[in-house]
Structures are given as structure tokens and as C-alpha cells.
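Fair warning: this is a prediction, and the values are worked out from it, not measured in the lab.
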Amino acid sequence: MDIEKILAEIKRGCAEIIDEERIKALIKNYYEKGENFFVKAGFDPTAPDLHLGHSVVLTKMAFLQKNGAIVQFLIGDFTGQIGDPSGKNATRKKLDKDQVLINAKTYQTQVFKVLDEEKTQIKLNSTWLNELGAAGIVELTSTFSVARMLERDDFAKRFKEQNPISICEFLYPLLQGYDSVVLKSDIEMGGTDQKFNLLMGRQLQRVYNTGKEQAVIMMPLLEGLDGVHKMSKSLNNYIGVTEKANDMYAKILSISDELMFRYYELLSQKSLEEISKMKEDIKQGVLHPKKAKENLALEIIERFHSKEEASSAQAEFDRVHSQNALPSEVLEFQVQGKIWLAKALVECGLENSTSAARRSINANAVSVDSKKICDDQMHLELGEYILQVGKRKFAKLKVKA
């Protein structure tokens, strides 16, 4: 087995690796002695669904599973109630325990669309953190100084700007690090915004004499559909892993060619050689970028849905966009009396607000019965209309007397 080739694939797309030699030794030990190693990744169930940004870490862990890893998929049902302060400029609102548990349940069903269930251990950190008790927490806090905690960028910035930092936020990285002590993880994975917390795990494993010092693999934060900001539900630039196949396909086809290669690198199971050849084929004009994007969409949808649904989504997209036809399923809405177009777009769920609707109209992104509309004061009289925003959003509206 070519250990160097496996290591190159592990490093693919990574932002930073700490203790690469340990990772190499773990993989070598697996192939020579058949001994598995443990890879931990923690997810706080702050929202009910995962998106492709989360799957960047999951995809890398799935590759590690093929090369000896047992994944410790840690659901932070305890720490999720505190809220990870990473990258935040204000104290996060404490989450409701019941909602956290509901979200945790949905995570367990979603992760196995990527991970091998037989090589995955689902862990809830409330199992040991509830038992840690006051004495255990006091002991834990004694392992780290306030000065060291304030070296963390987001804490330092908030302290300088005199924004509040709660004591429980100081506890969060300590509790995440303690998870690594309990689980005796060999490797911990996370995004680049998690570096402080990930390094805490290494330190606490030393302090508590676990006999291990976990390596760290940090993955970049995946850009959303806009190609600028990280994928996020709050920014509405995300692709959810539970979204309908048709919506996933249309969203992936909407990304830029440059972003497509970023998604290939971080999400695709194609090898580095295959991706390199694809780039060269596009450069030489042998392969059209749209075809490469279609292949990416099919691969991702097949992973989260099925091959049949992926093919169906492609056929539906081509039918709508190549033949200028309506989607097979269009939601219908009714309103009473003449209505302002911007308000109608909100009523049909095509826009979040009338101001957003007006911006879309002025950007020439709104059509009524396949005709572009540029008048943001237009009103719809009695009748039936097909409303469209952009390339993906459609609705049928009946304006009744």
C-alpha cells in the first residue's frame, strides 16, 4: 500500500495539519498490524439540518475510514446549549435543551449518507459532561489561564472592544478539549475557525496523562453559492443535504466555474489526478465547464439521494431551462383582489421581503408569464399568473375577486 499516496489524498484541500508524522504512523500501523485509530469530529446541533459545508469534514473522514479510521462522531448536546463562541463578536443565545436533542436526532440519520455506519461511533458529550460535576469542572478550569484564553482572536477582539464575554464561553473550549480526553482520540478534525479548540484537546490529553496527543486536521470553510461568504443558512447561500434533488441540482449548476473546482476538491470522491485531467480538458476545450458542473451535481445528489433521483433532476433541469418549460411541480397560491407584484412575490414565498423583491425586479430577475418585468410598482389584476425569480424559483398565483 502506497502510504505517501494516501497521505497526499488526506492533505488534499486541507487548510492545516498539525503532527502529520503521527497521522502517517497511524495509517502505516493500520496496514502493517491491522490496528484501527480514532478520528473525532464534533458537531453542535444548533440547527436541524446539515449542509454541504458540514460535509467537507464528513467527506474527509469517510476517506480516513477506508484507511483504518473509526470515526467518533461527537454530537455536542451538552456544549450545544452553551454555543461555540468561535468567530462570534457577541455572546451567543443559550439554546433550548429539547430543541438541541431534536436536532441531534436528525444529525444521526443524515451523517450516514456520507460515513460508513459500521466504522462510526455516535457519541453524545452529555454522557460524561453531566457526570463531570462541580469538582470536575473546577479541576478542568485550573488547567488553563485567563491570559491564555484571551490569546484567542475572537476573545481578544471582544475584550479590547469591551464587549461582554461570559464565563461559560471560556468553558466551551475546555469542555471540547475534555471530550478528546474521554474519547482518547488519535486525530481531531474541524474547520479553520476551530483551531483554538482543537489545540485544547492536544493540551488536555497531555495534562490528563491519556498517553496520547491527538493530531489535528483543519478543513477550510466551504464558500456558499455566492462564492464569497462561507456556506450558511443565515446567509441563504447553502445547499442542504436533505434538500430535494431538483433543488440541489439547480443550485450546483448555478455556481461559478471557479467555485466548481473548489467543490470538486473538497466534496468530490474523484482522485486528484482525475480532477487535474478535467481541468486540463476544460482548458483545451475538450470538456465544457457546464458538463463538468453537471457531473459534480450528479455525484453529490447520488450521494445524498440516489442515482435515479440524480438522473431525474438532470432531466427536469434540462426540460425547464433548455426548453423554457415550467417545472413539473409548481406550488399554487391564491390572493384576494389586486396585488402589488413585490408583495405577491413575498406571499408566494419567492422572496423574503418586498424590499428584496424590488431589488430582484430592478435587477431584471423577475418574470411574469415568461416576460421580464422591470417596473417595481407593477400590480397584478384578477387572473392567473406564473411568477418566476431567477432561474430556479417558480410559483402559480391566482388573483381572485
Side-chain angles (χ1 to χ4, degrees), residues 47-49 51-52 223-229 231-257 259 290 293-294 297 301 304-305 309-401:
D49 295 311
H51 55 61
L52 292 189
E223 295 85 354
L225 300 173
D226 53 17
V228 178
H229 302 101
M231 187 171 286
S232 166
K233 281 200 165 188
S234 61
L235 296 174
N236 197 31
N237 65 352
Y238 71 99
I239 303 174
V241 302
T242 59
E243 282 194 54
K244 292 181 179 179
N246 288 358
D247 293 335
M248 291 181 78
Y249 189 90
K251 284 185 175 183
I252 295 170
L253 265 287
S254 74
I255 64 176
S256 67
D257 294 349
L259 189 59
K290 183 174 181 290
K293 217 173 288 182
E294 288 172 347
I301 294 169
F304 293 107
H305 292 283
E309 286 181 89
S311 297
S312 177
Q314 182 180 36
E316 173 73 356
F317 184 89
D318 290 343
R319 191 183 73 82
V320 172
H321 296 280
S322 301
Q323 303 171 25
N324 293 319
L326 288 176
S328 301
E329 297 180 10
V330 179
L331 293 178
E332 295 187 13
F333 299 86
Q334 290 186 8
V335 295
Q336 300 292 326
K338 180 179 176 182
I339 186 170
W340 179 30
L341 175 58
K343 187 177 180 182
L345 295 174
V346 175
E347 292 287 330
C348 295
L350 301 180
E351 293 287 8
N352 294 323
S353 65
T354 54
S355 57
R358 290 181 66 185
R359 285 194 295 271
S360 293
I361 293 169
N362 292 324
N364 206 32
V366 174
S367 298
V368 176
D369 293 336
S370 300
K371 294 179 182 178
K372 291 287 184 183
I373 303 299
C374 57
D375 178 8
D376 63 10
Q377 294 303 314
M378 178 180 178
H379 282 68
L380 300 176
E381 305 288 345
L382 304 186
E384 296 186 8
Y385 303 90
I386 296 296
L387 307 182
Q388 180 180 353
V389 177
K391 294 182 177 180
R392 302 193 305 270
K393 297 189 286 187
F394 293 84
K396 182 182 288 185
L397 177 66
K398 290 183 181 181
V399 182
K400 304 182 75 174

Novice: Between Leu382 and Gly337, which heavy-atom pair has the shortest distance, and what is it?
Specialist: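 Taking every non-hydrogen atom into account, CD2-CA, 4.4 Å.
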Novice: CZ of Arg359 to CD of Glu351: how many Å apart, nearest 0.5 Å?
Specialist: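 Between atom CZ of Arg359 and atom CD of Glu351 there are 8.0 Å.
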Novice: Does any N or O in the side chain of Gln388 come within less than 3.5 Å of the main-chain N or O of Gly390, such that one atom is a donor and the other an acceptor?
Specialist: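 Confirmed, Gln388 side chain pairs with Gly390 backbone.
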Novice: Quick check: closest heavy atoms across Tyr249 and Gln314, and the distance to 0.1 Å?
Specialist: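 Here Tyr249 and Gln314 meet closest at OH-CG, 3.1 Å.
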Novice: Rounded to the nearest 0.5 Å, how far apart are OG of Ser254 and NZ of Lys293?
Specialist: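 Rounded to the nearest 0.5 Å, the OG-NZ separation comes out at 8.0 Å.
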Novice: Within this structure, what is the CG-CE distance for the pair Leu253 and Met248, rounded to the nearest 0.5 Å?
Specialist: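 Interatomic distance, Leu253 CG to Met248 CE, rounded to 0.5 Å: 12.5 Å.
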Novice: Take atom NE2 in His229; do more than 12 heavy atoms of anything else shown fall under 6.0 Å from it?
Specialist: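 Not more than 12 within 6.0 Å, no.
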Novice: How close do Cys374 and Asn362 get, counting heavy atoms only, and between which atoms?
Specialist: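 Looking at all heavy atoms of both residues, the closest pair is O-OD1, 4.0 Å.
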Novice: Drop me the distance from Ile239's CD1 to Ile255's CD1, to the nearest 0.5 angstrom.
Specialist: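 Between atom CD1 of Ile239 and atom CD1 of Ile255 there are 6.5 Å.
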Novice: Using every non-hydrogen atom in the two residues, find where Leu397 and Ala344 come nearest and quote the distance to one decimal.
Specialist: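 The pair with the smallest heavy-atom distance is CD2-CB, 3.8 Å.
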Novice: Could you measure the distance from the CD atom of Glu223 to the OG atom of Ser256? Nearest 0.5 Å is fine.
Specialist: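 Between atom CD of Glu223 and atom OG of Ser256 there are 9.5 Å.
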Novice: Please check if the side chain of Lys396 supplies one atom and the backbone of Val330 the other of a donor-acceptor pair under 3.5 Å.
Specialist: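 No, Lys396 side chain to Val330 backbone: no donor-acceptor pair under 3.5 Å.
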Novice: So which heavy atom on Leu387 is nearest to which on Cys348, and how close?
Specialist: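 Here Leu387 and Cys348 meet closest at CD1-SG, 4.0 Å.
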Novice: Give a yes or no on whether the backbone of Thr354 and the side-chain of Lys343 come within a donor-acceptor separation of less than 3.5 Å.
Specialist: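 No; judged by distance alone, with no hydrogens or angles, the pair does not exist.
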Novice: Please answer whether the main-chain N or O of Glu309 pairs with a side-chain N or O of Ser312 as donor and acceptor at a distance below 3.5 Å.
Specialist: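 Not confirmed, Ser312 side chain does not pair with Glu309 backbone.
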Novice: How long is the span from the CD1 atom in Ile373 to the CD1 atom in Ile361, to the nearest 0.5 Å?
Specialist: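 Spacing of CD1 (Ile373) from CD1 (Ile361) equals 8.0 Å.
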Novice: Any donor and acceptor pair, going by atom type alone, linking the side chain of Asn237 with main-chain N or O of Ser232 inside 3.5 Å?
Specialist: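 At least one qualifying donor-acceptor pair exists.
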Novice: Quick one: are Leu380 and Val335 in side-chain contact, heavy atoms under 4.5 Å?
Specialist: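 A side-chain contact under 4.5 Å is absent here.
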Novice: Apply side chain to side chain contact (heavy atoms under 4.5 Å, CB included) to Tyr238 and Glu243, showing your working.
Specialist: CA-CA 10 Å; Tyr238 71 99; Glu243 282 194 54; 3.7 Å; yes
Novice: Does any pair with a residue in residues 361-381 pass salt bridge (charged side-chain N to carboxylate O under 4.0 Å, His left out), and if so which ones, sequence neighbours excluded?
Specialist: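 For residues 361-381: Lys338-Glu381, Arg358-Asp376.
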Novice: Where do Leu350 and Phe394 come nearest, in terms of heavy atoms and distance?
Specialist: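 Heavy atoms of Leu350 and Phe394 come nearest at CD2-O, 3.7 Å.
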